[in-house]
Amino acid sequence: MLCRTFQTMSRPTRGSLALAAVLLGGVVSLTQAQNTPAPAATAWPALEMGAKQFVVDSQKVDPSLVSILPMDSRIKIEACAQDIVFDQPFGNKQSVRARCAQPLWQHFVMVQVKNTLGNQINQANNNGQINRTVWVSTQNLKRGTPLQAGMFKQVDMPVPSYETRFVGDERDMLNMELQRDLPPNTPLRQQDLKSSTMVKRGQQVLVAVGEGKGFLITVRAEAQQDGTLGDQIRLKNPESGRFLSAVVTGMNTARGL
């Protein structure tokens with residue numbers, strides 16, 4: 001009886017143990033799967049797509065001409081819980097800034113826009129104009145006005161397609177003055193500029209003498225001719241009546257030779 005009882009019970013027990021092992025194995029596997037960390041989400045696809053659309057909309061170009069260059073793989077971009085905001089705060093058309101408020105971050109991505117002849121032809125309108133980035137006057141400026149910061153701003157606007165000599169760098173305006181009147185919102189061309197007159201004939205000029213020779217004195221002398229930055233001009237010492245030569249270094253200043 002004892003042997004028969006043992007054999008009767010051993011079969012379901014072994015089956016139960018096998019079934020339990022399978023079930024336990026499934027539970028273990030499920031538990032391990034639940035504890036395995038998921039890969040971190042990244043904002044790069046949304047950033048790349050948004051930056052490209054921003055360039056397409058702001059520069060009015062065909063999407064096929066716009067490429068967003070990949071960022072360094074070591075830079076980790078967290079997924080943004082809100083819409084990513086895009087702009088170009090420094091006027092650089094070759095980069096786009098992307099900002100996220102939650103979590104807080106910002107990144108700059110590089111942009112490539114193919115400027116093909118076909119693209120320019122497509123942009124040209126019936127009046128023979130084409131969109132360009134130019135510097136335009138922010139106010140009414142008179143001929144002879146020395147250029148200063150704030151007198152111009154950079155904008156995209158249609159201009160004659162044959163005109164190419166627009167001022168492209170703000171640094172080209174340093175120490176320059178206008179050769180013609182400029183109404184507001186007029187594009188600035190290279191031929192509109194000339195070196196600003198720093199010294200005018202008959203004006204008193206502060207001349208530094210002896211620089212680099214172990215001594216330095218300053219005297220006031222009367223300019224005998226006009227001069228722009230870097231010009232060598234002739235001056236007269238009103239006290240001694242002697243003439244001297246100097247190089248113009250700024251507004252009504254010069255360095256004696």
* **Over 12 non-hydrogen atoms of neighbours within 6.0 angstrom of CG in Asp169** => yes
* **Pair Ser196, Asn175: side-chain N/O donor-acceptor within cut-off below 3.5 Å** => no
* Just wondering, are more than 12 heavy atoms of other shown residues or ligands nearer than 6.0 Å to CE in Met157? -> yes
* State whether Asp87 and Arg99 are salt-bridged, where the test is any N-O pair (Lys NZ or Arg NE/NH1/NH2 against Asp/Glu carboxylate O) under 4.0 Å. => yes
* Side-chain donor/acceptor of Asp181 to backbone N/O of Arg143, under 3.5 Å -> yes
* Asked: How far does CD of Gln191 sit from CZ of Phe166, to the nearest 0.5 angstrom?
  -> 8.5 Å
* Measure from the side-chain N and O atoms of Thr138 to the backbone N and O of Met151, and report whether any donor-acceptor pair falls under 3.5 Å. => yes
* Asked: Would one find more than 12 heavy atoms of other residues, nucleotides or ligands at under 6.0 Å from atom CZ of Arg242?
  -> no
Without placing hydrogens or testing angles, list every side-chain donor-acceptor pair under 3.5 Å for residues 224-236, not counting sequence neighbours.
residue	atom	partner	partner atom	Å
Gln224	NE2	Glu222	O	3.0
Gln225	OE1	Arg234	N	3.1
Asp226	OD1	Arg201	N	2.7
Thr228	OG1	Asp231	OD1	3.3
Thr228	OG1	Asp231	OD2	2.7
Asp231	OD2	Thr228	N	2.8

* Would Leu47 end up clustered with Val66 when hydrophobic side chains under 4.5 Å apart are linked, directly or stepwise? -> yes
* To do: Check the pair Asp156 / Val134 against side chain to side chain contact (heavy atoms under 4.5 Å, CB included), numbers first and verdict last.
  => CA-CA 6 Å; Asp156 291 331; Val134 295; over 6 Å; no
* **Arg220 CZ to Glu239 CD distance, which is reported to the nearest 0.5 Å** => 11.5 Å
* **Which atom of Ala43 lies closest to which atom of Trp105, heavy atoms considered** => CB-CZ2, 4.0 Å
* **Under 3.5 Å donor-acceptor, Ser58 side chain and Phe54 backbone** => yes
* Asked: Tell me the side-chain hydrogen bond (donor to acceptor under 3.5 Å, both in side chains) pairs involving residues 247-257, sequence neighbours left out?
  -> Thr249-Thr253
* **Listed once per pair and sorted, the disulfide bond (SG atoms under 2.5 Å apart) pairs that draw on residues 47-83, sequence neighbours left out** => Cys80-Cys100
* To do: For the pair Ser195 (side chain) and Met176 (backbone), establish whether a donor and an acceptor sit closer than 3.5 Å, ignoring hydrogens and angles.
  => no
* side-chain contact (heavy atoms from CB on, under 4.5 Å), paired with Asp192, selected from Gln179, Arg180, Glu177 -> Arg180
* **Backbone N/O of Asn185 and side chain of Ser137: donor-acceptor pair under 3.5 Å** => yes
* Okay, side chain of Lys200, backbone of Thr197: is any donor-acceptor separation there less than 3.5 Å? -> no
* Under 3.5 Å: donor-acceptor pair, side chain of Ser95, backbone of Gln88 -> no
